[in-house]
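Since the structure comes first, as structure tokens, the remarks are kept for the end.
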Amino acid sequence: MSARFVGAKIAGSLVTLLFVVCFNFFLFRVVEGDPVANLYRGRNLTHHQRETLTKQFGLDKSTGAQFVSYLKQTATLNLGRTYTGNRPVWDEIKRKAGPTIALVGISAILSAVFGVLLGIAAAWRRRTKVDYASTAFSVGTYSMPDFWLGMVLLTLFAVALGWFPVGGLEDPTSTATGLGHVADQAKHMFLPCLTLTVGYLGEYAIIMRSSLLDTMREDYLVLARAKGLRDVLVRNRHAVPNAILPVVALLAINFGFVLAGAIAVEAIFSWPGLGLATYDALNGPDLPMLQGLFLVFSASVIFFNLVADLLYFRLDPRITE
């Protein structure tokens, strides 16, 4: 892999991240006119109390001084303290990142695997009932809003049938340990994971079908068939490995976007991750928490875009500088 190519990609990502850091600061100060008044709305604060809270949140300084302080703190991962609870934002993000990474990671892998298999089946049997059915299913699931799908699954399987819990990470009354504890968490994760898996499965299937159809027109596949190779070998050894390259890049990119986009699903299923933390911070409103979450989500998208670029360059030798 070319060092110049890698260096250019990393430099571009760092510049983008720096822009996001600066934009992050000014965005929430434009949106949030008076954090103290909004946070303590409905309460009669004395002038002294207002001044104390303003100094506590660092809002008594000029915008320029706040910006310089914000850059210094961000460089050391000091993202301030939450308005609600007065806890370190970074500690809160680290505490809630685990459930989100587990949920998003499992659903991203499952949606990619089943989407790829569905796309292969549709492309290899194009213009058949399998193709029409899988394409219709893929387009249908891709068009569904994840919050709507989540509410349907919650209403059907948790409320009406009672097969799964209505929300949360685990049963607060359970005393199970070991495998029993893991099984309890898996049961709570099933519906939100199914929602994200079905919601993103269609995109992988559509991309894989399109890529495989393009690959099937290549001359080397005609030559492979002319040599007498069976269709299964032509597909598995030659067509699929070349057609799957866009899906690999899409998986890396989507992981960053799903990490930031699981807000509605986590809120619906009360999954105690970064998405639910974002929902709670919006209701606050909790400016430092929102600012920290926005930065983490943006950094994740930038990072996984970089990973996608490097992976594609590594896997596809046709890409040159």
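These values consider heavy atoms only, across backbone and side chains, with no hydrogens, waters or symmetry-generated copies. Just so it is clear, the model here is predicted, and its values are computed rather than measured.
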Next item on the list: Mind listing the closest non-hydrogen atom pair of Glu266 and Gly275 along with its distance?
Entry: OE1-N, 2.7 Å
Note to self: Quick check on the hydrophobic clustering: are Phe147 and Leu156 connected, directly or via other members, by side-chain heavy-atom contacts under 4.5 Å?
What the structure shows: yes
Next item on the list: Please report the shortest heavy-atom distance between Val130 and Ala121, naming the atom on each side.
Entry: CG1-O, 4.0 Å
Next item on the list: Heavy atoms only: give me the nearest Ala264-Asp146 pair and the separation to one decimal.
Entry: CB-OD1, 4.4 Å
Item checked: Value rounded to 0.5 Å, distance of CD1 in Ile120 from CD1 in Ile244 -> 6.0 Å
Notebook entry, point to check: So do the side chains of Leu118 and Ser138 get within less than 4.5 Å of each other, counting heavy atoms only?
Noted result: yes
Check: In the single-linkage hydrophobic clustering (I, L, V, M, F, W, Y; side-chain heavy atoms under 4.5 Å), do Val89 and Leu77 co-cluster?
Finding: yes
Check: If you take all heavy atoms of Leu17 and Ala299, which pair is closest and at what distance?
Finding: CD1-CB, 4.0 Å
Margin query: If we ignore hydrogens and angles and just use 3.5 Å, is the side chain of Thr135 paired with the main-chain N or O of Tyr132 as donor and acceptor?
Written below: no
Check: So Trp163 and Phe157, would you call those rings parallel, tilted or perpendicular, with 30° and 60° as cut-offs?
Finding: tilted
Check: Donor-acceptor pair, Ser300 side chain versus Phe297 backbone, under 3.5 Å?
Finding: yes
Notebook entry, point to check: From Leu194 CG over to Ile106 CD1, what is the distance, rounded to the nearest 0.5 angstrom?
Noted result: 13.0 Å
Next item on the list: Output the distance between atom OG1 (Thr76) and atom CG (Leu71), rounded to the nearest 0.5 Å.
Entry: 11.0 Å
Check: If you measure from OG1 on Thr195 to OH on Tyr200, what distance do you get to the nearest 0.5 Å?
Finding: 11.5 Å
Margin query: For a 4.5 angstrom cut-off between non-hydrogen side-chain atoms, does Pro165 reach Lys187?
Written below: yes
Notebook entry, point to check: Donor-acceptor pair, Thr278 side chain versus Ile263 backbone, under 3.5 Å?
Noted result: no
Check: Is Leu276 close to Trp271 at the side-chain level, that is, under 4.5 Å between some pair of heavy atoms?
Finding: no
Notebook entry, point to check: Taking C-beta and beyond as the side chain, do Val152 and Trp148 meet within less than 4.5 Å on heavy atoms?
Noted result: yes
Check: Tell me, do Tyr204 and Leu251 make a side-chain contact under 4.5 Å, heavy atoms counted?
Finding: yes
Margin query: Are Thr82 and Pro288 packed together at the side-chain level, in the sense that at least one heavy-atom pair is separated by less than 4.5 angstrom?
Written below: no
Check: Given the rule in the side chain to side chain contact (heavy atoms under 4.5 Å, CB included) test, do Ile206 and Ser210 qualify, once you have shown the distances and angles that lead to the verdict?
Finding: CA-CA 6 Å; Ile206 293 170; Ser210 176; 5.6 Å; no
Checklist line | Co-membership, hydrophobic cluster, residues Leu14 and Leu310, 4.5 Å side-chain | finding: yes
Next item on the list: Would you give the length of the straight line joining atom CH2 of Trp90 to atom CE of Met289, rounded to the nearest 0.5 angstrom?
Entry: 11.0 Å
Next item on the list: May I ask whether Val198 and Tyr142 are part of the same hydrophobic cluster, defined by side-chain heavy atoms of I, L, V, M, F, W, Y residues being less than 4.5 angstrom apart, directly or through others?
Entry: no
Check: Is Ser111 reaching over with its side chain to a backbone N or O of Ala108, donor-acceptor style, under 3.5 angstrom?
Finding: yes
Item checked: Audit row: Asp131, Trp124, side chain to side chain contact (heavy atoms under 4.5 Å, CB included) steps and yes/no -> CA-CA 8 Å; Asp131 182 21; Trp124 207 253; over 6 Å; no
Check: Is there a path from Leu117 to Ile207 through hydrophobic residues (I, L, V, M, F, W, Y) whose side chains come within less than 4.5 Å of each other?
Finding: no
Next item on the list: Could you tell me whether the side chain of Phe269 reaches within less than 4.5 Å of the side chain of His188, counting heavy atoms only?
Entry: no
Note to self: Quick check: closest heavy atoms across Leu274 and Ile93, and the distance to 0.1 Å?
What the structure shows: CD2-O, 3.6 Å
Next item on the list: In sequence, state the C-alpha distance, the side-chain angles, and the governing distance for Leu18 and Phe23, and then conclude on side chain to side chain contact (heavy atoms under 4.5 Å, CB included).
Entry: CA-CA 9 Å; Leu18 179 60; Phe23 179 77; over 6 Å; no
Next item on the list: Taking all non-hydrogen atoms of both residues into account, name the closest pair between Leu213 and Ala123 and its distance.
Entry: CD2-O, 3.7 Å
Next item on the list: Find the distance between OG (Ser143) and CG (Leu149) and round it off to the nearest 0.5 Å.
Entry: 12.0 Å
Margin query: I want to check something: taking the side chain as every heavy atom from C-beta on, are Phe294 and Val20 in contact at a cut-off of under 4.5 Å?
Written below: yes
